[in-house]
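Some notes on the structure that comes next.
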Amino acid sequence: MIGGRPRILCLTLGALAELETAFEAESLADLAERFSGGRLKAQDLIRILGAGLRGGGNDFSDEDVAVIGLDSGLPGLIATVTELLTVTFSDTQATGRGKSPRP
């Protein structure tokens with residue numbers, strides 16, 4: 001629940017391109033490596049959640065994300081971003097083995 005409503009989150013190709021630009025990543029592999037390090041700043045969480053919301057068809061700017069109420073607080077935000085990154089960058093579906101990036 002974000003802002004009192006369930007929201008769809010999806011890191012589409014457009015959302016991933018947005019994150020590549022925001023994080024000055026040269027490739028998707030560089031982006032995945034950055035996220036798998038487990039050391040994300042609050043601004044990183046805002047950018048990732050914002051891109052995921054927009055990719056899911058929600059009309060949120062990063063500025064909106066920075067001030068919106070998160071029903072589950074910081075622990076829920078971290079869990080949501082972790083799940084979003086895991087679903088996006090995991091190779092579980094292709095190989096049966098997963099790599100889970102941690103914020």
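Keep in mind the model is a prediction, meaning the values are calculated, not measured.
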Roughly how far, to the nearest 0.5 Å, is the [atom2] atom of [Y] from the [atom1] atom of [X]?
X   : Y   : atom1 : atom2 : value
K41 : R47 : NZ    : CZ    : 7.0 Å
L13 : L28 : CG    : CG    : 7.5 Å
E63 : I68 : CD    : CD1   : 13.0 Å
I48 : E18 : CD1   : CD    : 11.0 Å
T82 : L40 : OG1   : CG    : 8.0 Å

| said: Donor-acceptor check, side chain of N58 to backbone of L9, threshold 3.5 angstrom: yes or no? | reply: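 Pair absent, no side-chain N/O of N58 close to backbone of L9.
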| Crowding at CG, L74 (>12 non-hydrogen neighbours, <6.0 Å) |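 Result for CG/L74: enclosed.
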| request: May I ask you to check whether over 12 heavy atoms, not counting those of E33, lie within 6.0 Å of atom CD? | output: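 12 or below, so no.
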| task | Run through V87, L85, V81 and flag the one making a side-chain contact (heavy atoms from CB on, under 4.5 Å) with E83. | result |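 Of V87, L85, V81, side-chain contact (heavy atoms from CB on, under 4.5 Å) with E83 is met by V87 alone.
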| said: Please enumerate all residues that pass side-chain contact (heavy atoms from CB on, under 4.5 Å) together with A15, with sequence neighbours excluded. | reply: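 Residues passing side-chain contact (heavy atoms from CB on, under 4.5 Å) with A15: L11, T12, A51.
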| field | Stepwise side chain to side chain contact (heavy atoms under 4.5 Å, CB included) check, F23 with D44 | value | CA-CA 9 Å; F23 290 106; D44 299 342; 3.1 Å; yes
Heavy-atom side-chain contact between [X] and [Y] under 4.5 Å:
X   : Y   : answer
F89 : L31 : yes
L49 : L84 : no
T88 : L16 : yes
R54 : D62 : yes

| query | Any ring-ring contact (aromatic ring centres under 6.0 Å, His included) pairs touching residues 42-73, not counting sequence neighbours? | reply |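 Pairs touching residues 42-73 that pass the test: none.
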| task | Kindly determine whether L53 and I8 satisfy side chain to side chain contact (heavy atoms under 4.5 Å, CB included), including the steps that lead there. | result | CA-CA 7 Å; L53 282 163; I8 294 173; over 6 Å; no
